[in-house]
Protein chains: 4
Amino acid sequence: MNTKTSRSQKKEQTKALLISTAYEIFSERGIQAVRMSDIASAANVSHGTVFLHFNTQEALIAEVVQYYCRQIAACTHELSEGCHTLRELLSAHLEAISKYELFYKRLVIESRMLPIEARDAFIAIQSALSFHFSLVLEKEDVPSLPASILFNMWMGLVHYYLMNDDLFAPQGQVIARYKTILTDTFLSLLEKESHPRITN
Amino acid sequence: MNTKTSRSQKKEQTKALLISTAYEIFSERGIQAVRMSDIASAANVSHGTVFLHFNTQEALIAEVVQYYCRQIAACTHELSEGCHTLRELLSAHLEAISKYELFYKRLVIESRMLPIEARDAFIAIQSALSFHFSLVLEKEDVPSLPASILFNMWMGLVHYYLMNDDLFAPQGQVIARYKTILTDTFLSLLEKESHPRITN
Amino acid sequence: MNTKTSRSQKKEQTKALLISTAYEIFSERGIQAVRMSDIASAANVSHGTVFLHFNTQEALIAEVVQYYCRQIAACTHELSEGCHTLRELLSAHLEAISKYELFYKRLVIESRMLPIEARDAFIAIQSALSFHFSLVLEKEDVPSLPASILFNMWMGLVHYYLMNDDLFAPQGQVIARYKTILTDTFLSLLEKESHPRITN
Amino acid sequence: MNTKTSRSQKKEQTKALLISTAYEIFSERGIQAVRMSDIASAANVSHGTVFLHFNTQEALIAEVVQYYCRQIAACTHELSEGCHTLRELLSAHLEAISKYELFYKRLVIESRMLPIEARDAFIAIQSALSFHFSLVLEKEDVPSLPASILFNMWMGLVHYYLMNDDLFAPQGQVIARYKTILTDTFLSLLEKESHPRITN
DNA sequence: AATGAATGAGCTTTCATTCAT
DNA sequence: CATGAATGAAAGCTCATTCAT
């Protein structure tokens with residue numbers, strides 16, 4: 001039994017290695033663009049080993065994406081919990097995303113072309129944030145607009161910058177670069193005494 | 001010359017047929033997912049004929065996307081020209097998009113994975129709208145917020161719904177379904193006397 | 001009838017044009033490497049026209065090679081006729097070849113991969129020279145060695161330099177460059193009072 | 001390690017099988033004329049396997065030609081080493097070639113149309129012989145003619161017979177058939193007291 | 001459990017040849 | 001006669017997946 005345990009431990013280790021290796025490569029090169037053998041060689045295991053742990057390429061993608069999406073969701077959740085204001089929450093969100101920026105960007109770009117489970121996992125991150133968003137919105141003195149639209153507006157905005165990161169931040173780090181302005185602008189729109197108007 | 005004309009007319013017809021056939025299939029199945037031979041058989045021409053008109057698959061994708069992006073941009077432009085208010089403009093935008101909805105959605109989903117020319121053509125549509133957006137914004141009494149962010153917020157919002165159309169409108173027609181609420185909500189945020197507040 | 005005549009004259013003209021165009025391209029790029037459409041466009045006729053004059057690519061190659069091989073043979077013959085000495089004949093031979101050097105080189109390189117008629121035509125050039133070679137050899141006071149071998153030795157030598165022209169004369173013009181030394185050396189070997197010996 | 005060894009041994013075996021199979025087919029049908037799938041099926045492996053061992057068709061041709069050219073060069077070298085006279089050397093040369101006759105003939109015919117590495121490998125065989133030729137020539141009491149031309153004359157002569165083997169020896173085996181006469185004739189030309197003359 | 005050689009379906013691209021105009 | 005668009009048989013190459021060791 002000891003043997004079995006150490007064996008399966010070893011197996012789990014290898015699987016974990018494959019998952020984290022895939023994460024790195026996916027972040028760098030994109031998800032669809034990576035071949036199974038690329039992951040194998042990057043992880044220093046044999047090509048066949050990848051199939052020992054994942055029946056198909058689809059399964060591997062699904063698992064890797066699920067694994068990291070759960071992490072991102074958890075991270076988002078954690079950073080969001082202490083937030084009492086929308087500003088805090090938005091910052092927390094961007095902070096969470098920026099920890100996984102490259103990978104998250106790939107998900108934004110490719111999610112619709114991935115196996116359904118991967119897509120679902122990606123959506124789940126958004127649900128996690130959505131929950132906190134609703135909570136905070138209730139507390140704040142905020143316009144009586146559909147919360148879901150406001151949330152989607154924020155998500156859309158952030159994803160738009162990630163999707164076009166090459167245009168907005170050719171040097172990389174879109175989130176860091178636009179963090180403040182995105183947050184500020186979004187919040188301004190929600191503020192009561194609105195904004196200074198440009199009156200002709 | 002008459003002969004020549006009818007000959008090359010025929011050729012142009014075939015090319016046009018291929019472009020419109022590709023458009024249909026791309027709209028239905030996605031762009032990356034389609035094989036050259038699919039287009040050939042859908043257009044009822046031989047496999048080789050496709051290569052007579054487009055040197056490579058990449059060239060075909062580029063041409064088809066450019067062709068329709070120009071149309072979408074032109075349509076956007078045309079519908080935008082008469083617009084004096086932001087509301088009119090946003091409606092015009094959604095109207096333009098909804099005419100090409102399935103294809104446009106594919107672009108939203110796949111643009112970053114397409115040949116660079118295709119991506120550029122897609123971006124060009126956004127530039128076209130951006131121009132009118134700026135014009136209208138100047139006229140309106142609007143908060144002194146960065147116009148570009150406001151524009152990107154709108155684009156992000158619309159693309160977010162298109163990207164996730166299967167979640168927002170499983171029956172199809174996301175744009176038609178969310179047209180009003182998206183426009184209204186977006187405009188509300190920009191309005192002076194803001195919005196009724198939810199005060200606890 | 002006049003029409004017919006002028007028609008078929010035109011046709012013959014076109015065919016002649018195709019043959020000479022093919023000759024030029026074959027000389028430059030090799031025979032096997034050239035596509036039917038290359039010849040058509042170089043001759044400023046349509047792709048289909050080539051097939052009007054030559055049923056197949058093989059037929060075209062055969063005809064072109066035959067046509068020019070006959071010319072080369074005739075030229076060789078003509079230049080050989082006045083020759084009374086072997087030296088004169090060898091010079092005549094090289095002179096004939098050098099007029100068609102690029103094309104002749106292609107034949108040396110590719111003859112065995114061409115349609116049988118083309119190969120035969122190429123061989124016929126050698127037969128033509130062979131005839132004069134025998135004639136001259138009889139007149140000269142030459143070693144009683146098998147004339148055919150001597151002839152083949154000369155042919156082999158010349159072809160060896162043509163086959164490896166890129167090594168022997170990277171700037172081109174192998175024949176011009178080695179004309180003298182090849183002739184001299186070959187003749188020296190046949191001379192009675194032989195050659196100065198290197199005696200240790 | 002034992003496992004690894006037997007595994008990679010197997011792989012090497014397969015590669016060796018492919019190389020020798022290619023050699024056989026090339027010898028029979030020519031080099032350019034053979035498709036990758038021909039080699040696969042002749043070797044009883046799948047089409048894909050060929051590409052496991054050789055990245056491209058060009059690479060395969062290069063490797064196969066290099067492999068056998070090295071063997072031929074080595075064989076030539078080996079047989080040449082004991083030779084003290086030119087006669088011995090020429091015989092050794094022909095013996096070496098005749099062991100690989102069909103393949104060598106293909107090289108003579110196609111060398112200029114093959115990948116550059118293949119051509120170079122073929123040239124290297126000639127360099128190997130050239131070395132011994134020079135050595136022997138120095139020892140012999142031989143006319144003070146350019147050694148390189150004499151060498152090229154011999155090579156040209158042999159290649160001429162190989163190139164036209166179908167004419168010289170329709171039953172095959174040109175080398176065997178002309179071995180003696182070629183050697184004798186070539187040597188006669190180099191002999192001091194030359195040759196009996198045919199005096200009119 | 002791990003290996004990595006082997007598999008083969010699948011896809012793009014080329015080009016000689018045909019044929020309607 | 002000439003045209004050139006259309007055809008479709010090849011062929012090379014890729015890569016997820018399998019399986020014997």
- [ ] Starting at atom CG of C/Leu60, determine the distance to atom P of E/dC15, rounded to an integer number of angstrom.
- [x] 16 Å
Task: ring-ring contact (aromatic ring centres under 6.0 Å, His included) involving A/Tyr104 - partner list, sequence neighbours excluded - done: A/Phe122, A/His159
TODO: Quickly work out the B/Gln13 CD to E/dT21 C1' distance and round it to whole Å.
DONE: 14 Å
Open item on the list: Run the side-chain hydrogen bond (donor to acceptor under 3.5 Å, both in side chains) test against B/Tyr23 and tell me which residues pass, sequence neighbours left out.
Closed with: none
TODO: Quick one: list whatever passes side-chain contact (heavy atoms from CB on, under 4.5 Å) with C/Ser41, sequence neighbours left out.
DONE: none
TODO: Please list, chain by chain and in numerical order, all residues satisfying ring-ring contact (aromatic ring centres under 6.0 Å, His included) with B/His47, sequence neighbours excluded.
DONE: B/Phe51
Open item on the list: Whole angstroms only, please: what is the CD-C1' distance between D/Glu12 and E/dG4?
Closed with: 13 Å
Open item on the list: Counting primed atoms plus P, OP1 and OP2 as sugar-phosphate and everything else as base, spell out the protein contacts along nucleotides 5-12 of chain F at 4.0 Å heavy-atom distance: B, S or - for each nucleotide, 5' to 3'.
Closed with: SBBB--SS
Task: Dot-bracket notation for DNA chain E, counting Watson-Crick and G-U pairs under 3.5 Å, with | for partners on another strand - done: .||||||||||||||||||||
Open item on the list: If I take atom CD in residue C/Gln32 and atom C1' in nucleotide E/dC15, what distance separates them, rounded to the nearest angstrom?
Closed with: 14 Å
Open item on the list: Just to verify, what does B/Gln71 make a side-chain contact (heavy atoms from CB on, under 4.5 Å) with, not counting sequence neighbours?
Closed with: B/Tyr67, B/Tyr68, B/Tyr100
Open item on the list: Under the criterion salt bridge (Lys or Arg N to Asp or Glu O under 4.0 Å), I'd like the reasoning laid out for C/Glu110 against D/Arg112: C-alpha separation, chi angles, the key distance, then a yes or no.
Closed with: CA-CA 8 Å; C/Glu110 303 183 43; D/Arg112 276 299 296 267; over 6 Å; no
Task: For atom CZ of B/Phe54 and atom P of E/dT14, their distance in whole Å - done: 15 Å
Open item on the list: If the condition is side-chain contact (heavy atoms from CB on, under 4.5 Å), which residues does C/Asp38 pass it with, not counting sequence neighbours?
Closed with: C/Arg29, C/Val34, C/Arg35
Open item on the list: Just to verify, what does D/Ser46 make a side-chain hydrogen bond (donor to acceptor under 3.5 Å, both in side chains) with, not counting sequence neighbours?
Closed with: D/Thr49
TODO: Find the distance B/Asn55:CG to E/dT14:C1' and express it as a whole number of Å.
DONE: 12 Å
